[in-house]
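A short write-up of the structure that comes next.
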Amino acid sequence: MRRVDTTQRRARLAWRHRLVAPAAGPVEVARSLVALHSSDPSTVYLAVWARVDDLDVSDLEHGLYEERSLLRVYGMRRTLWVVDRRTLPLVNSSSTRALVPGQTRRLANVLETCGVAEDGMAWLDDVIPKTLDAIRSRGEALARDIASEVPELAERIVFENKAGRVTGTMGASTGTLFLLGLQSRVIRARPVGSWVSGRYRWAEMSEWLGEPIEEVPVEQASAELMRMWLHSFGPATETDLRWWTGWRVGQLRKALSDLEAVEVELDNAAIGYLLPDDLEPVDEPEPWVALLPSLDPTSMGWKERDWYLGDHYPTLFDRNGNAGPTVWVDGKVVGGWAQRRDGEIAHELFDDVGHEAKEAVESRVGELQDWIGDITVTPRFRSPHDKALAG
């Protein structure tokens, strides 16, 4: 069995994730990483900044909201992603559609349990067409504007524990628009405010795209998406693959079989997978550094992370497995960074990386400081280190 050591995995990460070979633009970044995490709006911009020289915010906004070559959609693990148009049908067929039945039942049950409707399914059958009509009539609209035309969406869903204590609330519009997003009937359009804002307008998917989403058979879509992922993230274990895709074991193994994926041995004696035409070693890059944001696709790319994260997981990830901002040197996480309340970008190195790497990190911090300007970035999911360093 071919062996792929940690040094080679880090070299692949550097090249394939565009951390030593900058991409030409945002679309190329998205394709190189398959999809960009978008649960936090700022992640997309900072992830692209780390991989494109001289990025202008308008370049990314043009792709997202004008050219619409990049699309913010739900996909693997019910997560919000930014993908390019070519990847959208693969994500939709392999991952998004399968989530719809469960989420429909879940929302209907919540509506009934929380007293919003006696029959949750009937409520959805009534409200969903009216919601789509309201969006269609406006072209793009905030949730509150849609609710002004569909009063049912203004209902508050109140969650209580067994003792009757309120544990949280959610607008009926939130659950309904989430379901419509999973159905690929609506999409998040341009937000109100700056690029860190999450107050999105909503648009009808077919109108936004100008065409229907291409129909791709599930098995074909699964194999093609897995091919893209293994090229960018391989070698990876089955645990990594299951975590990233959120697929059932049968779907995952069928995709690996269709690709004729090759088993390789990793440094910890685990079995990883590579594409059959991607077995040869890649060249080791020159020394490099990177500042990656919270939820960056590289930080979040694998479930088994020791080979690039070391023992820093408890410090740099929150309890739910969300990555905070990280400092990278030569394919390894060596520290973290944060933006303080006064706007300063602060960083801390946990490992001894040597004088040259330390200077390179400090230089990169200065570049990020200049690029961010007067924008304040506060991660949606705060790691212990991010909280401590930000103050």
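Since this is a predicted model, take the numbers as computed values, not measurements. Heavy atoms only: backbone and side chains are in, while hydrogens, waters and symmetry mates are out.
Partners of Gln183 by side chain to side chain donor-acceptor pair (under 3.5 Å), not counting sequence neighbours, listed by chain and number: Arg185. With sequence neighbours excluded, no residue satisfies ring-ring contact (aromatic ring centres under 6.0 Å, His included) with Tyr65. For Phe159, there are no ring-ring contact (aromatic ring centres under 6.0 Å, His included) partners, not counting sequence neighbours. For His347, there are no ring-ring contact (aromatic ring centres under 6.0 Å, His included) partners at least two apart in sequence or on another chain. Residues satisfying the side chain to side chain donor-acceptor pair (under 3.5 Å) test with Asn109, not counting sequence neighbours, are none. Qualifying ring-ring contact (aromatic ring centres under 6.0 Å, His included) partners for Tyr308, counting only residues two or more places apart in sequence or in other chains: Trp302, Trp328. Applying the side chain to side chain donor-acceptor pair (under 3.5 Å) criterion to Arg3, with sequence neighbours excluded, gives Asp267. With sequence neighbours left out, the side chain to side chain donor-acceptor pair (under 3.5 Å) criterion links Ser32 to Arg18.
There is no side-chain donor-acceptor pair under 3.5 Å between Asp40 and Ser294. Side chains of Arg85 and Ser69: a donor-acceptor N/O pair is absent below 3.5 angstrom, by distance only. A donor-acceptor contact under 3.5 angstrom links the side chains of Gln103 and Arg106, judged on distance only. There is no side-chain donor-acceptor pair under 3.5 Å between Asp145 and Ser148.
Within the cation-pi definition used here (under 6.0 Å to the ring centroid, within 45° of the axis), Arg136 does not qualify as a partner of Trp202. Cation-pi check for Arg364 over Trp337 is not met; the charged atom does not lie both under 6.0 angstrom from the ring centroid and within 45 degrees of its normal.
You'll find the side chain of Arg188 stays beyond 4.5 Å of the side chain of Val73, heavy atoms only. Inter-residue side-chain proximity for Arg242 and Trp247 is flagged as unmet; no heavy-atom pair is nearer than 4.5 Å.
At distances below 3.5 Å, at least one donor-acceptor pair connects side-chain atoms of Ser93 with backbone N or O atoms of Val216. Using modelled atom types, one side-chain atom of Glu112 and one backbone atom of Gly120 make a donor-acceptor pair closer than 3.5 Å. Between the side chain of Gln339 and the main chain of Val377, a donor-acceptor pair closer than 3.5 Å is present. Side-chain atoms of Glu263 never come within 3.5 Å of backbone atoms of Tyr273 as a donor-acceptor pair (strictly under, hydrogens ignored).
Aromatic pair His385/Phe350: ring centres closer than 6.0 Å. No close placement of the Trp243 and Trp229 rings is indicated, their centers lying 6.0 Å or farther apart. Residues Trp195 and Trp49 place their aromatic rings such that the two centres sit no closer than 6.0 Å.
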Full working for side chain to side chain contact (heavy atoms under 4.5 Å, CB included) between Asn322 and Met300: CA-CA 7 Å; Asn322 298 305; Met300 297 286 291; 4.2 Å; yes
Audit row: Glu215, Arg97, salt bridge (charged side-chain N to carboxylate O under 4.0 Å, His left out) steps and yes/no: CA-CA 11 Å; Glu215 295 287 338; Arg97 285 181 184 171; 2.6 Å; yes
Side chain to side chain donor-acceptor pair (under 3.5 Å) assessment of Tyr200 paired with Arg190: CA-CA 6 Å; Tyr200 296 104; Arg190 187 186 292 271; over 6 Å; no
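The two atoms that bring Gly336 and Leu389 nearest to each other are O-CD2, 4.0 Å, heavy atoms only. Closest of all the heavy-atom pairs between Met228 and Leu90 is SD-CD1, 3.8 Å.
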Hey, can you pull the donor-acceptor pairs under 3.5 Å for the side chains in residues 252-262, sequence neighbours left out?
| from | atom 1 | to | atom 2 | distance (Å) |
| --- | --- | --- | --- | --- |
| Arg253 | NE | Glu238 | OE1 | 3.2 |
| Arg253 | NE | Glu238 | OE2 | 3.4 |
| Arg253 | NH2 | Glu238 | OE2 | 2.9 |
| Lys254 | NZ | Glu219 | OE1 | 3.4 |
| Lys254 | NZ | Asp258 | OD1 | 2.7 |
| Lys254 | NZ | Asp258 | OD2 | 2.9 |

Side-chain donor-acceptor distances from residues 50-58 under 3.5 Å, at least two apart:
| from | atom 1 | to | atom 2 | distance (Å) |
| --- | --- | --- | --- | --- |
| Arg51 | NE | His17 | O | 2.8 |
| Arg51 | NH1 | Ala47 | O | 2.9 |
| Arg51 | NH1 | Asp296 | OD1 | 3.0 |
| Arg51 | NH2 | Asp296 | OD2 | 2.8 |
| Arg51 | NH2 | Thr298 | OG1 | 2.7 |
| Asp56 | OD1 | Ser58 | N | 2.9 |
| Asp56 | OD1 | Ser58 | OG | 2.6 |

Please table the atom pairs, donor to acceptor, closer than 3.5 Å between any side-chain atom in residues 277-287 and protein atoms at least two apart or in another chain.
| from | atom 1 | to | atom 2 | distance (Å) |
| --- | --- | --- | --- | --- |
| Asp278 | OD1 | Arg16 | NH2 | 3.0 |
| Asp278 | OD2 | Arg12 | NH1 | 3.0 |
| Asp278 | OD2 | Arg16 | NH1 | 3.0 |

Which donor-acceptor pairs under 3.5 Å do side chains of residues 123-130 form with protein atoms, sequence neighbours excluded?
| from | atom 1 | to | atom 2 | distance (Å) |
| --- | --- | --- | --- | --- |
| Asp126 | OD2 | Lys130 | NZ | 3.2 |
| Lys130 | NZ | Glu152 | OE2 | 2.7 |

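With respect to the salt-bridge test (charged N to carboxylate O, under 4.0 angstrom), the residues Glu28 and Arg31 do not qualify.
In this structure, the separation between CG on Asp59 and CD on Glu67 is 10.5 Å, given to the nearest 0.5 Å.
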